[in-house]
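Heads up, the thing below is written out as structure tokens.
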Amino acid sequence: MNLLSPFLNLHSVRIDLDIASQKRLFEEAALAFERTAGIPHDEAFAALSERERIGSTALGHGTAVPHGRLASLEAPEVVFLRTVKPLKVPSPDRSGAQLFIAILVPESNPEAHLGLLREVAALFSDDAVRAKLLAAKDPVELCDIIAAWVPPAGLHPAAD
């Protein structure tokens, strides 16, 4: 079991988005957060945009993890987005990004998403998993791929 899969369902996964800008991607993510968690889309959009202004959330290999904080949240929320073509975003390897996992966390507990961020980085660093996520035909298949993924041993420090 991993930390990501409980957050993803048919409503929190958007694939084959034909969009050309990061701003439009954040709008799609914000609408997904509104649909799945009742978060007003303007608040979700502002949180994602604010964090991105600090620096790019692209990881390289065609992936990114846009994230932000919201005062109104009690627990993290996650959505998965896949674009038809890679978006031009500042990334370490200049590959742009096509696979996105967006995360919103409570302002009162900014560390709530650190385990999720570690998992996303590990998931997106796996070449075979990235290929499967890009090839998934529908949200069900994509959710199944993530649900079957096992994080590397030692990824999460043991609680003291």
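- Annotation for E50: atom CD does not count as buried by contact number, only 12 or fewer foreign heavy atoms lying within 6.0 Å.
- F33 and A102 get closest at one heavy-atom pair: CZ-O, 3.5 Å.
- Screening V13, V120, N9 for a side-chain contact (heavy atoms from CB on, under 4.5 Å) with F80, the sole residue that qualifies is V13.
- Rounding to the nearest 0.5 Å gives a distance of 4.5 Å between CG of L73 and CD1 of I39.
- Put simply, NE2 on H11 and OG1 on T36 are 9.0 Å apart, with the number rounded to the nearest 0.5 Å.
- Inter-residue side-chain proximity for I103 and V105 is flagged as met; some heavy-atom pair is nearer than 4.5 Å.
- One distance of note links SG of C143 with CG of L4; it measures 11.0 Å at 0.5 Å rounding.
- In terms of hydrophobic clustering, with Ile, Leu, Val, Met, Phe, Trp and Tyr side chains grouped at heavy-atom distances under 4.5 Å, F100 and F26 are assigned to a common cluster.
- Annotation for D138 and I15: closest pair CA-CD1, 3.5 Å, computed over non-hydrogen atoms.
- In terms of modelled atom types and a separation under 3.5 Å, the side chain of E77 and the main chain of A37 share no donor-acceptor contact.
- A donor-acceptor contact shorter than 3.5 Å is absent between the side chain of E34 and the backbone of A30.
- When all heavy atoms of R69 and A47 are compared, the closest pair comes out as O-CB, 3.6 Å.
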Could you give me the CA-CA distance, side-chain angles and deciding distance for L133 and I146, then say whether side chain to side chain contact (heavy atoms under 4.5 Å, CB included) is met?
-> CA-CA 8 Å; L133 293 172; I146 292 175; 3.9 Å; yes
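- Hydrophobic clustering (side-chain heavy atoms under 4.5 Å, transitive across Ile, Leu, Val, Met, Phe, Trp, Tyr) keeps L81 apart from V84.
- Of the possible polar contacts, none joining the T83 side chain to the I19 backbone as a donor-acceptor pair under 3.5 Å is found.
- Here the CG-CD distance, from L17 to E28, works out to 5.0 Å after rounding to the nearest 0.5 Å.
- The closest side-chain heavy-atom distance from L25 to L87 is below 4.5 Å.
- Hydrophobic clustering (side-chain heavy atoms under 4.5 Å, transitive across Ile, Leu, Val, Met, Phe, Trp, Tyr) keeps L116 apart from L70.
- Note that OG of S5 and CD1 of I145 are 13.0 Å apart. Values are rounded to the nearest 0.5 Å.
- R35 is listed as a side-chain neighbour of R14, based on a closest heavy-atom distance under 4.5 Å.
- Distance CZ/F124 to CZ/R130: 9.0 Å, rounded to 0.5 Å.
- Shown are L99, V65, L117, I101; of these, the side-chain contact (heavy atoms from CB on, under 4.5 Å) with L59 is made only by V65.
- Looking at every heavy atom in both residues, A32 comes nearest to V79 through CB-CG1, 3.8 Å.
- Side-chain contact between P106 and E74 is absent, with no heavy atoms from C-beta onward closer than 4.5 Å.
- Here the closest non-hydrogen pair linking F7 and P76 is CE2-O, 3.1 Å.
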For H61 and Q98, what are the C-alpha separation, side-chain angles and deciding distance, and is it a side chain to side chain contact (heavy atoms under 4.5 Å, CB included)?
-> CA-CA 9 Å; H61 303 289; Q98 190 172 1; over 6 Å; no
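- A donor-acceptor pair under 3.5 Å is formed between the side chain of S95 and the backbone N or O of G62.
- When all heavy atoms of E107 and A71 are compared, the pair lying nearest together is OE1-CB, 3.6 Å.
- In this structure, R82 contributes its side chain and L134 its backbone to a donor-acceptor pair below 3.5 Å.
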